[in-house]
Structures are given as C-alpha cells and as structure tokens.
Amino acid sequence: MICETIEDFAAALPPMRPILGLDLGEKTIGVAASDGILSSANAVETIKRKKFGLDAARLLEIAGGREAGGIILGLPRNMDGSEGPRCQSTRAFARNLERLTELPIGYWDERLSTVAAERALIEADLTRKRRKEVIDAVAASYILQGALDRLRHVRAGN
C-alpha cells in the first residue's frame, strides 16, 4: 500500500515495529532503520544496485530480519518543490515494490539530506573513501529521522 501523506502512512503502521528508510540513488540504495518505538534512525547498509528484483529481494530481506512495519522512501523533489524525473523514478520503484510486499510505503521529502549527511561525515573526520562508502546509508537515516519526527507529531495530534 502506497501512502501519499505521512498521516496515511502513520495510520497504516502496525504498533511497535521499526520502519526502514531508503535513499534511492542511481547506483546505490542507502538503507536505514528505526527502533521499535520510532524515536531514532540508524544507518544500516548501502546496497549496490543491480536489477530491481535483486534490489527488492535484499530490501525485503532486511525488512523481514528487522520485522519492519513500513518503508519510507526519500522523494527527491526539486528545490522549488516540483517533481522531476528522479521523483518519477522513485514513485515507479515504490509501485514495483508495492507488488511484492504488504508493508505500507510512504514518502518523505529528501531535499538536502545528502548535503546534511556529507557535512556530518566531514565533521566526524571520515576519509573521503569512507564517506563515499557510507554516505547513502547516512542520508537514508536523515530521511528516516525527518519522517520519524513528523510521525511523532502526527501521533500526538499536532
């Protein structure tokens, strides 16, 4: 089930189950996971993209292993809020993934998440090589944390 709003996503989530956050790139997919009480997001891994079937199988393996209750995909809107080809690609990925899982799938505006992740990794004094290895998973954790923070407000009725 694809949820267009975070409110719909919140309503579809089972209680006390973590959420996966994804940063879809052309060559990699950054994966992050929350804790069961949906308070914090942590980078999990970066998947090197192959074919959709293989990528989806790995994502669903991670989701199953963590008993995830939903998936948030970063939606790469343009800076003016409009949707371009990358958003269309993300939505197509979600539609294809929806055919393979019952988990609710939601979107979160990911503008500047990679920039924020890069800054954090530079501040942590990671080498350029190490930053390249983890940037997508860290960006996924920024995307997921933004969604978790909003979910907390939605659930509180704000």
Side-chain angles (χ1 to χ4, degrees), residues 1-15 17-35 38 40-118 120 132-155 158:
M1 162 192 352
I2 294 177
C3 304
E4 287 297 327
T5 68
I6 200 72
E7 292 78 10
D8 291 342
F9 183 75
L13 285 176
R17 293 193 32 209
I19 299 171
L20 292 187
L22 306 180
D23 179 28
L24 297 175
E26 290 180 16
K27 297 179 181 177
T28 60
I29 300 172
V31 182
S34 74
D35 54 1
L38 308 181
S40 64
N42 295 293
V44 173
E45 74 176 75
T46 300
I47 299 170
K48 300 257 188 272
R49 290 191 81 166
K50 296 175 179 112
K51 291 181 179 178
F52 172 79
L54 296 172
D55 299 343
R58 179 63 188 133
L59 290 171
L60 295 176
E61 181 182 345
I62 294 168
R66 292 180 173 271
E67 298 181 7
I71 301 171
I72 287 284
L73 281 81
L75 194 61
R77 294 182 184 273
N78 296 322
M79 290 308 290
D80 66 0
S82 64
E83 293 191 11
R86 290 186 58 225
C87 279
Q88 293 170 358
S89 175
T90 298
R91 289 184 183 280
F93 185 93
R95 285 190 303 274
N96 290 331
L97 189 59
E98 178 185 33
R99 294 183 188 123
L100 303 176
T101 183
E102 296 292 317
L103 294 175
I105 298 170
Y107 301 108
W108 188 253
D109 187 343
E110 72 164 48
R111 282 179 279 188
L112 301 178
S113 61
T114 302
V115 173
E118 181 82 22
K132 186 177 182 204
E133 292 170 358
V134 300
I135 187 70
D136 295 314
V138 173
S141 72
Y142 271 82
I143 292 164
L144 182 54
Q145 189 63 55
L148 293 174
D149 293 346
R150 181 67 188 129
L151 282 169
R152 200 167 19 263
H153 288 287
V154 167
R155 289 185 164 172
N158 296 332

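Predicted model, so just to flag it, every value in this text is computed and none were measured.
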Might you work through the side-chain contact (heavy atoms from CB on, under 4.5 Å) test for I72 and L22, ending with a clear yes or no? CA-CA 6 Å; I72 287 284; L22 306 180; over 6 Å; no
Taking all atoms of both residues into account, what is the closest heavy-atom pair of D23 and A139, and its distance? OD2-CB, 3.3 Å
Give a yes or no on whether a salt bridge exists between E61 and R66, defined as a side-chain N under 4.0 angstrom from a carboxylate O. no
Minimum heavy-atom distance between L38 and R152, given as atom pair plus value: O-NH1, 3.4 Å
Can you measure from CE (M1) to CG (D8) and round to the nearest 0.5 angstrom? 9.0 Å
Please tell me if the side chains of T90 and P76 come closer than 4.5 Å, counting only heavy atoms from C-beta onward. yes
Would you say S34's side chain and I19's backbone share a donor-acceptor pair under 3.5 angstrom? yes
Please answer whether the main-chain N or O of G25 pairs with a side-chain N or O of R49 as donor and acceptor at a distance below 3.5 Å. yes
A side-chain contact here means heavy atoms from C-beta on lying under 4.5 Å apart; do I105 and F9 qualify? no
With the side chain counted from C-beta on, respond yes when K50 and D55 share a heavy-atom pair under 4.5 Å apart, and no when they do not. yes
Over all atoms of both residues, closest heavy-atom pair of L13 and G69: CD2-O, 3.6 Å
Can you find a heavy atom in the side chain of L151 that is under 4.5 Å from one in the side chain of W108? no
For A56 against L97, the heavy-atom pair lying closest together: CB-CD1, 4.0 Å
Is any side-chain heavy atom of L100 closer than 4.5 Å to one of L60? yes
Show your working on side-chain contact (heavy atoms from CB on, under 4.5 Å) between L75 and D109 and close with a plain yes or no. CA-CA 5 Å; L75 194 61; D109 187 343; 5.7 Å; no
Shortest non-hydrogen contact from G30 toward A140: O-CB, 3.4 Å
Go through the steps for N42 and V44 under the test side-chain contact (heavy atoms from CB on, under 4.5 Å), then give the verdict. CA-CA 6 Å; N42 295 293; V44 173; 5.8 Å; no
Under a 4.0 Å threshold between the charged nitrogen and the carboxylate oxygen, would E7 count as salt-bridged to R150? yes
For the backbone of E67 and the side chain of R17, can you confirm whether one donor and one acceptor N or O come within less than 3.5 Å of each other? yes
Would you indicate whether the side-chain heavy atoms of R91 and Y107 approach each other to under 4.5 Å? yes
Locate the shortest heavy-atom distance separating A137 from A32; write the atom from each residue and the value. O-CB, 4.2 Å
Quick one: does any side-chain atom of E110 pair with a main-chain N or O of I143 as donor and acceptor, under 3.5 Å? no
In terms of side-chain geometry, is the basic nitrogen of E26 or R86 positioned less than 4.0 Å from the acidic oxygen of its partner? no
